[in-house]
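Quick note: residue numbers are just sequence positions, from 1. Fair warning: this is a prediction, and the values are worked out from it, not measured in the lab.
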Amino acid sequence: MHDIIYKQWHDEDLTFNYEFTPSFAQCTPDFNMSWAEIFRITTDMAGEDFTQREMGWEVLKKQGIFFAVSRISYHVIKMPVYHQNVKMITWESAPQGPLATRNFKLVDKETEDVLLYGQTLWTIINFEERKMIPAKVFNMRPTPTIVSEFAGIKPGKIPIPEGMETLGTHKITFSDLDGNGHTNNSKYINFAIDNLPAEFQQKTVKDLRLNYSKEATLGEELEIKGFFNKEENKYTIQGIIDSASSFECELYY
């Protein structure tokens, strides 16, 4: 039986580190780590980083505040694989406009080679008023000032091309929900990939972007639409509920 490493710590520069080895269940049939697991781990790391700095969700809830991930971008050098010893590193950097910014880097623990870069943008929301709090105004910790360069495509607004075609549907079920009773953000990438043609499900993604526009709630049905741009070797996927966009995704091959 293989040893599975789970270790986490903060460095002096406040980067939060997590060592682990992808398990069999965290991988796809090609033994690459699944995108849903990468999304889940990075989201959990963001929460645990804040928890260990006394800003966990329970503390934020008492203050009437919550963080919601808005935009995500990943740049892949090489996907992590089954039972590879890896280390995920995350840190906050200077806000981008009103949005808080968090960066990620996944490295091979043995060689220190970088496997993946990520950058995520977060909306800070006043729960009672349902109003956005500008990231520079959030004062539960000093506003980050580090400007971190990102190797991938910036996590900006994803344009929807003409010619989108219906790929399938997905009804939100109980197993899509998390501890808050919301559709967990790691599920949306599955909604996109599960409805792609098989040939694209098995291709290696070089860059991935995802925007969250409107939460899909229990019982609602998403229409999944897509379009493949041959010139850019890019698949654009959109999830739609009642004519409104729920999420937008780009996969570059």
Undergrad: Taking all heavy atoms of Ile89 and all of Thr15, pick out the closest pair and write down the distance.
TA: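 What the structure gives for the nearest pair is CG2-CB, 3.9 Å.
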
Undergrad: In this structure, which one of Arg209, His75, Lys206, Gln119 forms a side chain to side chain contact (heavy atoms under 4.5 Å, CB included) with Ile153?
TA: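 Output: one option passes, namely Arg209.
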
Undergrad: Would you check if the distance from the ring center of Tyr18 to the ring center of Phe20 is below 6.0 Å?
TA: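 That pair passes the under 6.0 Å test.
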
Undergrad: How far apart are the closest heavy atoms of Val76 and Leu116, and which atoms are they?
TA: CG2-CD1, 4.2 Å

Undergrad: Using ring pair (Phe, Tyr, Trp, His ring centres under 6.0 Å) as the criterion, point out the one residue from Phe66, Trp57, Phe16, Phe67 that pairs with Phe50.
TA: Phe67

Undergrad: State plainly whether the residues Glu92 and Arg141 are in salt-bridge range, i.e. N to O under 4.0 Å.
TA: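 Counted as a salt bridge, because a side-chain N and a carboxylate O are separated by less than 4.0 Å.
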
Undergrad: Determine whether the side chains of Asn85 and Glu110 contain a donor N or O and an acceptor N or O closer than 3.5 Å.
TA: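 Yes - a donor-acceptor pair under 3.5 Å links their side chains.
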
Undergrad: Compute whether any side-chain donor of one residue and acceptor of the other, for Asp49 and His10, lie under 3.5 angstrom apart.
TA: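 There is such a pair between these side chains.
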
Undergrad: Quick check: do Ser73 and Phe150 have side-chain heavy atoms less than 4.5 Å from each other?
TA: yes

Undergrad: Of the options Asn103, Thr145, Thr101, which is the one that meets Ser93 in a side chain to side chain donor-acceptor pair (under 3.5 Å)?
TA: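 Testing each of Asn103, Thr145, Thr101 against Ser93, the sole residue satisfying side chain to side chain donor-acceptor pair (under 3.5 Å) is Asn103.
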
Undergrad: Side chains of Thr28 and Tyr82: does their closest heavy-atom pair fall under 4.5 Å?
TA: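 No, side chains not in contact.
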
Undergrad: Return yes if a side-chain donor-acceptor contact under 3.5 Å exists between Glu37 and Ser34, otherwise no.
TA: no

Undergrad: Leu99 pairs by side chain to side chain contact (heavy atoms under 4.5 Å, CB included) with which of Thr123, Thr120, Val69?
TA: Thr123

Undergrad: Just wondering, more than 12 heavy atoms not from Phe31 lying within 6.0 Å of its CZ?
TA: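 Open.
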
Undergrad: Less than 6.0 angstrom separating the ring centers of Tyr74 and Trp35, yes or no?
TA: yes

Undergrad: Hey, is CD on Glu128 packed in by over 12 heavy atoms from elsewhere, all under 6.0 Å?
TA: no

Undergrad: For Glu112, does the CD atom have more than 12 heavy-atom neighbours from other residues, nucleotides or ligands under 6.0 Å away?
TA: yes

Undergrad: Which atom names give the shortest non-hydrogen contact between Pro144 and Pro95, and what distance separates them?
TA: O-CD, 3.6 Å

Undergrad: Between Thr43 and Arg40, is the side-chain contact (heavy atoms from CB on, under 4.5 Å) condition met? List the steps.
TA: CA-CA 5 Å; Thr43 302; Arg40 183 189 64 79; 6.0 Å; no

Undergrad: Using the side-chain contact (heavy atoms from CB on, under 4.5 Å) rule, take Asn17 and Asp11 through it: C-alpha gap first, then chi angles, then the decisive distance, then the call.
TA: CA-CA 8 Å; Asn17 302 261; Asp11 282 334; 3.2 Å; yes

Undergrad: Might you point out which heavy atoms bring Glu250 and Thr236 nearest each other, and give the distance in Å?
TA: CG-OG1, 4.2 Å

Undergrad: One pair to check against side chain to side chain donor-acceptor pair (under 3.5 Å): Glu248 and Ser213. What are the steps and the verdict?
TA: CA-CA 8 Å; Glu248 305 86 42; Ser213 300; 2.6 Å; yes

Undergrad: Check the surroundings of atom NZ in Lys203: do more than 12 heavy atoms from other residues, nucleotides or ligands lie under 6.0 Å from it?
TA: yes

Undergrad: Strictly by ring pair (Phe, Tyr, Trp, His ring centres under 6.0 Å), give each pair with a member in residues 205-238 just once, sequence neighbours left out.
TA: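 Sorted pair list: Tyr188-Tyr212, Phe200-Phe228, Phe200-Tyr235, Phe228-Tyr235.
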
Undergrad: Which value, rounded to the nearest 0.5 Å, describes the distance between Arg102 atom CZ and Ser148 atom OG?
TA: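 The OG atom of Ser148 is 11.5 Å from CZ of Arg102, to the nearest 0.5 Å.
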
Undergrad: Using a 4.5 Å cut-off on heavy atoms from C-beta on, say whether the side chain of Leu115 contacts that of Val86.
TA: yes

Undergrad: Looking at every heavy atom in both Ile133 and Ile125, which two are closest together, and how far apart are they?
TA: CD1-C, 4.2 Å

Undergrad: When you look at Thr169 and Leu222, which way does the side-chain contact (heavy atoms from CB on, under 4.5 Å) test go after all the steps?
TA: CA-CA 5 Å; Thr169 61; Leu222 285 158; over 6 Å; no

Undergrad: List the steps, then state whether side-chain contact (heavy atoms from CB on, under 4.5 Å) holds for Glu221 with Ile172.
TA: CA-CA 6 Å; Glu221 186 169 84; Ile172 303 300; over 6 Å; no

